[in-house]
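In what follows, a structure is listed as structure tokens, so that the remarks can point back to it.
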Amino acid sequence: MGQSINWSGLAGALGVLVRPSLVVPHLVVADIRQLPVAKLREAGFCAIAFDKDNTLTAPYAMEIHPPFQDAWTRCLDAFGPSNVAIVSNSAGGPDDAGHAEATRIEQALGVHVLRHAQKKPAGGQALAAHFGCAPRQIVVVGDRLFTDVLYANRMGAYSVLTRGIVTETNDNWLALRIRRMEHRLLDLLLAAKVQPPYSLK
């Protein structure tokens, strides 16, 4: 399934020029195997949302990347499947006619795919409404600064960046190149000791 231009993402990237802390994640991990899900639950987080492509699966794949399966199971056990969701800019969004892709993913992975009218980084209120809890009680995990981390930080959630990706094969051409640039930007921001826009400790 193709994706239209993410104007919200482009606008968000420009906003980062004014407030760069918005793309600094609260936590950086190699991939979801490093997620401290038990500690997150103990800290009071009630729900967790994941980007899909290159966070949980290969791009456009319908199964959890096999090395991540145990970590995915731990997450479901810790939070409960009803408190886990996928927020994708392809499935469940304006490019997903009839939400057919979202339905396929739900059937394959067993968790809700958020239906949303706006692409990340916009529309965080839809996620909070789905879970029925405050944004500060939600963890958002993804591989992109200008979509996933910015989405989490703008809504007031706990942002986690998975810096490693599953594969660049079949990845969106533009997203692939922007991600590489995002990693260079993050290195600069961390070297300059820029902190996330708020603390949820």
Side-chain angles (χ1 to χ4, degrees), residues 1-3 25-93 95-96 99-116 119-120 124 126-127 130-133 137-145 147-149 151-152 157-172 175-176 178-180 182-183 186 200:
M1 181 178 66
Q3 293 189 44
H26 293 93
L27 176 65
V28 179
V29 296
D31 54 57
I32 69 166
R33 290 173 292 188
Q34 292 185 344
L35 276 177
V37 290
K39 291 183 178 179
L40 291 171
R41 287 294 282 144
E42 290 170 5
F45 293 103
C46 67
I48 187 166
F50 291 88
D51 176 57
K52 176 184 167 291
D53 293 341
N54 268 324
T55 299
L56 296 175
T57 74
Y60 306 107
M62 284 293 128
E63 62 282 334
I64 298 294
H65 183 49
F68 296 173
Q69 185 61 59
D70 287 347
W72 175 244
T73 300
R74 285 196 301 273
C75 181
L76 294 176
D77 289 345
F79 283 90
S82 64
N83 295 317
V84 179
I86 290 171
V87 185
S88 169
N89 272 350
S90 54
D95 294 334
D96 186 7
H99 299 144
E101 188 74 1
T103 300
R104 289 178 61 218
I105 294 169
E106 288 172 340
Q107 293 170 346
L109 302 186
V111 299
H112 180 72
V113 176
L114 187 72
R115 274 58 166 176
H116 51 100
K119 290 190 173 188
K120 295 177 292 184
L127 182 63
H130 166 71
F131 283 131
C133 59
Q137 296 176 294
I138 300 172
V139 180
V140 176
V141 184
D143 67 304
R144 296 286 313 283
L145 290 185
T147 53
D148 306 311
V149 172
Y151 174 80
Y158 185 81
S159 54
V160 180
L161 177 74
T162 54
R163 182 140 186 176
I165 63 169
V166 175
T167 180
E168 292 185 340
T169 302
N170 297 325
D171 201 0
N172 178 286
L176 185 155
I178 293 176
R179 186 192 300 108
R180 293 174 181 173
E182 289 173 341
H183 286 181
L186 181 61
L200 290 176

Of D148, L186, T55, which is the lone residue that meets side-chain contact (heavy atoms from CB on, under 4.5 Å) with L161? L186
Passing option when P59 is tested against N54, I165, N172, T169 for side-chain contact (heavy atoms from CB on, under 4.5 Å): N54
Nearest 0.5 Å, what's the [atom1]-[atom2] distance between [X] and [Y]?
X    : Y    : atom1 : atom2 : value
N83  : C75  : CG    : SG    : 10.0 Å
E106 : H112 : CD    : NE2   : 6.0 Å
N170 : T167 : CG    : OG1   : 7.5 Å
I86  : L127 : CD1   : CG    : 12.0 Å
R163 : H183 : CZ    : NE2   : 5.5 Å
T162 : L35  : OG1   : CG    : 8.5 Å

List the atom of [X], the atom of [Y], and the distance in Å for their closest heavy-atom pair.
X    : Y    : result
F131 : I48  : CZ-O, 3.6 Å
D53  : Y60  : OD1-N, 3.0 Å
P36  : L27  : CD-CD2, 3.9 Å
R41  : C46  : NH1-CA, 3.4 Å
M62  : L109 : O-CD2, 3.7 Å
G142 : D51  : CA-CB, 3.9 Å

Classify the side-chain pair T57/K52 by whether it contains a donor and acceptor separated by less than 3.5 Å.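 There is such a pair (donor and acceptor under 3.5 Å, judged by atom type) between the side chains of T57 and K52.
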Is [X] reaching over with its side chain to a backbone N or O of [Y], donor-acceptor style, under 3.5 angstrom?
X    : Y    : result
E101 : D96  : no
Q137 : C133 : no
K120 : V149 : no
R115 : V113 : yes
H65  : V166 : no

[X] versus [Y]: any side-chain heavy-atom pair under 4.5 Å?
X    : Y    : answer
V111 : F50  : no
I138 : V140 : yes
I178 : R144 : yes
V141 : S159 : no

List the steps, then state whether side chain to side chain contact (heavy atoms under 4.5 Å, CB included) holds for D77 with W72. CA-CA 9 Å; D77 289 345; W72 175 244; over 6 Å; no
For F68, does the six-membered ring have the charged nitrogen or CZ of R33 within the cation-pi criterion, i.e. under 6.0 angstrom from the centroid and within 45° of the normal?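 No, R33 does not sit over the ring of F68.
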Suppose we screen for salt bridge (Lys or Arg N to Asp or Glu O under 4.0 Å). Which residues come up paired with E63, at least two apart in sequence or across chains?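 Testing E63 for salt bridge (Lys or Arg N to Asp or Glu O under 4.0 Å), a comparison that skips the adjacent residues, returns none.
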Output, in order, the C-alpha distance, side-chain angles, deciding distance and verdict of salt bridge (charged side-chain N to carboxylate O under 4.0 Å, His left out) for D143 and R179. CA-CA 8 Å; D143 67 304; R179 186 192 300 108; 2.8 Å; yes
Can you classify the ring geometry of Y158 versus F45 as parallel (below 30°), tilted (30 to 60°) or perpendicular (above 60°)?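 Judged by the thresholds at 30° and 60°, the geometry between Y158 and F45 is tilted.
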